[in-house]
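Beneath this line is the structure, given in structure tokens, with notes to follow.
Values below: every heavy atom of this structure, side chains too, minus hydrogens, waters and symmetry copies. What you are looking at is a predicted structure, and each value in this text was computed from that prediction instead of being measured.
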Amino acid sequence: MAIYYVPCAMHKEHSGWWAKYNWLVLSFLSCCFSFHDQSFWIDECCTASCAVQPSLEECWRQICRIGGSDAQIAFYYYLLFLWHQVTGAESELALRLFNGVWVFLAGWFFRKEPKALVILLLSPFFIYYTEELRPYILQIAASCGVTMLLYQASRGHPPRFHALFGALFFLCLTSLTGVVWGFGFIVAFFILSFRQFRGRSFWKAVFCWIFPFAGLAAYYAYTLSLGARSVVISSSWVVNVAASLYELMGLAGLGPPRAELRLCTTLDSLWKMEGLVLGGVVALVMGGALVYGVVLWSRQSSRSLPWALLALVLIPGMVFLYGTEAMDFRFSGRHCAPLLPVLCLIWSKVWPQNWKSSDRCRVVLFILMMIVWLASDFRLRFCSIYSRENYREAVFYCKSLEEKGMKVLLLCNEFGGKFYGWHFQPPANYWSDYDAIVVSRPGRYAPVLKAMEDSGLYQRSALCQGFTVYFNGKVLPPARKD
């Protein structure tokens with residue numbers, strides 16, 4: 001008996017260690033795979049420019065200069081500013097390592113559901129937003145905490161109301177979309193465990209947290225009244241707030257495209273837009289399907305489980321796919337990021353407990369999903385298929401032209417150019433005064449650039465990702481080293 005006792009004990013000790021720390025190892029491996037030192041694109045440059053300010057006051061001023069909806073994600077900016085102050089991070093890789101904190105936090109929240117954690121860490125959305133210097137990975141981490149607390153409560157565990165409201169407040173701090181998803185989570189909790197919305201502990205937690213939530217609501221209302229979203233169709237801030245919230249629906253694949261919505265200048269033009277009625281109908285259908293799926297899922301019966309998966313996985317998945325194909329990749333994850341942990345938790349329940357022939361359908365479904373996700377992960381990481389503007393290379397190229405005595409005009413986002421050390425000068429009187437004009441997103445300057453090309457003075461060529469260069473015909477473009 002003694003011969004078998006030691007290996008058995010060693011095996012038990014080993015399995016106990018892995019069960020306790022697997023989230024730590026898996027999160028570390030995910031970080032090693034995701035992070036890189038590629039150039040920032042426009043939004044990342046804005047984020048980095050706020051982080052490297054000398055003081056918190058200057059950080060807020062920079063947020064205000066950027067404008068748009070950046071005031072609604074100031075929490076992420078402040079945390080990144082502290083990361084910069086503590087670590088001295090200024091390079092792309094050093095600043096992106098800040099997102100590793102949220103990868104480990106998401107892993108810690110899902111530590112009791114290792115299957116869901118593996119699926120989450122393999123998700124291409126998770127990989128992509130780990131490497132992007134934007135607050136979406138922070139939203140995913142906060143959503144992991146809310147998801148696990150709601151899941152435990154739905155399984156009959158006594159709800160920890162202070163932890164739940166704290167996680168919801170954390171999610172709502174991330175952005176205005178976090179508020180929308182936070183409201184959806186609390187509605188789902190009410191459906192799953194409505195009997196637990198009572199008792200002294202619940203009302204005590206409500207009383208403690210109602211003031212922080214009220215303060216946060218006032219802050220978001222203030223940012224919306226100042227036009228912190230891109231839709232401004234009326235002089236009334238109430239109408240603009242409603243239009244901004246509708247824009248969030250459009251970003252989720254419901255209603256008119258975002259670009260068309262931003263062209264609206266009056267309330268009448270909004271009502272006349274194509275897709276308004278269809279978007280409302282799709283929103284009602286998807287919302288009803290999700291509620292129905294939650295009700296079926298709460299029953300946990302073998303007959304209702306397939307229909308619950310259809311409502312909870314397939315319908316939101318169709319929205320993900322629509323956003324991916326119709327717009328671009330970040331569209332899907334960007335505003336639906338808090339939904340990702342929920343979907344991964346549901347997928348983990350589809351994970352076959354054994355590989356018998358009776359589970360053949362689920363086995364095939366799970367294997368296909370993993371193949372697609374792994375292929376997407378490697379394409380994201382090594383093929384730069386979803387990369388955008390390469391500001392670092394563009395600014396370096398412009399500096400090299402100036403060193404050769406050429407007069408260069410760089411047309412790009414001001415914050416991106418300044419972050420990489422470009423000093424913008426007042427524009428010259430005529431386009432022909434420049435030997436080279438480097439342009440980011442040429443579509444924004446299409447009429448002017450077309451006139452330049454038609455004049456025959458400039459020759460156009462591709463420079464790098466997201467940038468085009470126009471050379472004056474009087475000078476020869478210097479050779480580039482690829």
Should the heavy atoms of other residues, nucleotides or ligands under 6.0 Å from CZ of Phe378 be counted, would the total exceed 12?
no
Could you tell me whether a side-chain N or O of Ser34 sits under 3.5 Å from a main-chain N or O of Cys31, the two making a donor and an acceptor?
no
So do Phe213 and Cys172 actually touch side chain to side chain, heavy atoms under 4.5 Å?
yes
Check: Gln139/Trp181 side-chain N/O donor and acceptor closer than 3.5 Å:
no
Thinking salt bridges, do Glu92 and Arg392 make one under a 4.0 Å N-O criterion?
yes
Taking it one step at a time, do Phe419 and Phe40 satisfy ring pair (Phe, Tyr, Trp, His ring centres under 6.0 Å)?
CA-CA 10 Å; Phe419 178 80; Phe40 289 143; 5.6 Å; yes
Are Trp60 and Tyr78 close enough that some pair of their side-chain heavy atoms sits under 4.5 Å apart?
yes
Using a 4.5 Å cut-off on heavy atoms from C-beta on, say whether the side chain of Val439 contacts that of Cys412.
no
Are side-chain heavy atoms of Ser49 and Ile66 found at a separation under 4.5 Å?
yes
Would you kindly say whether Glu113 and Ser348 are connected by a side-chain donor-acceptor distance under 3.5 Å?
no
Smallest heavy-atom separation, Trp102 atom then Ile137 atom, equals CB-O, 4.0 Å
Step-by-step salt bridge (charged side-chain N to carboxylate O under 4.0 Å, His left out) determination, Glu44 to Arg96
CA-CA 10 Å; Glu44 288 182 299; Arg96 286 189 174 114; 3.3 Å; yes
For Tyr391 and Ser440, the nearest pair of non-hydrogen atoms, with its separation, is OH-OG, 3.9 Å
Begin from the C-alpha positions of Phe28 and Phe104 and carry the test ring pair (Phe, Tyr, Trp, His ring centres under 6.0 Å) through to its verdict.
CA-CA 8 Å; Phe28 176 76; Phe104 281 96; 7.1 Å; no
Do you see a donor-acceptor pair shorter than 3.5 Å between the side chains of Tyr76 and Asp70?
no
For a 4.5 angstrom cut-off between non-hydrogen side-chain atoms, does Phe170 reach Phe75?
yes
Rounded to the nearest 0.5 Å, how far does CG of Leu411 lie from OG1 of Thr468?
11.0 Å
To check you understand the geometry: which heavy-atom pair defines the closest contact between Asn413 and Phe415, and what is its length?
OD1-N, 2.9 Å
Side-chain contact, heavy-atom cut-off 4.5 Å: Leu117 with Arg111?
no
Just say parallel, tilted or perpendicular for the rings of Phe169 and Trp209, cut-offs at 30° and 60°.
tilted
Nearest non-hydrogen partners of Leu168 and Phe185, listed with the distance:
CD2-CB, 4.1 Å
What do the steps show when you test His84 against Phe98 for side chain to side chain contact (heavy atoms under 4.5 Å, CB included), and what is the final call?
CA-CA 9 Å; His84 165 69; Phe98 170 69; over 6 Å; no
Ile210, CD1 atom: more than 12 neighbouring heavy atoms under 6.0 Å:
no
Thr47 and Arg134, any side-chain heavy atoms less than 4.5 Å apart
yes
Just do the side chain to side chain contact (heavy atoms under 4.5 Å, CB included) check on Phe33 and Thr130 with the steps written out, would you?
CA-CA 10 Å; Phe33 179 83; Thr130 297; over 6 Å; no
Mind checking whether Tyr220 and Gln72 have side chains closer than 4.5 Å, heavy atoms only?
yes
On a heavy-atom basis, which atom in Thr177 and which in Ser175 lie closest, and how many Å separate them?
OG1-OG, 2.6 Å
Measure from the ring center of Tyr136 to the ring center of Phe125 and say whether it is less than 6.0 Å.
no
Minimal heavy-atom distance between Ile127 and Ser30, with the atoms involved, is CD1-OG, 4.2 Å
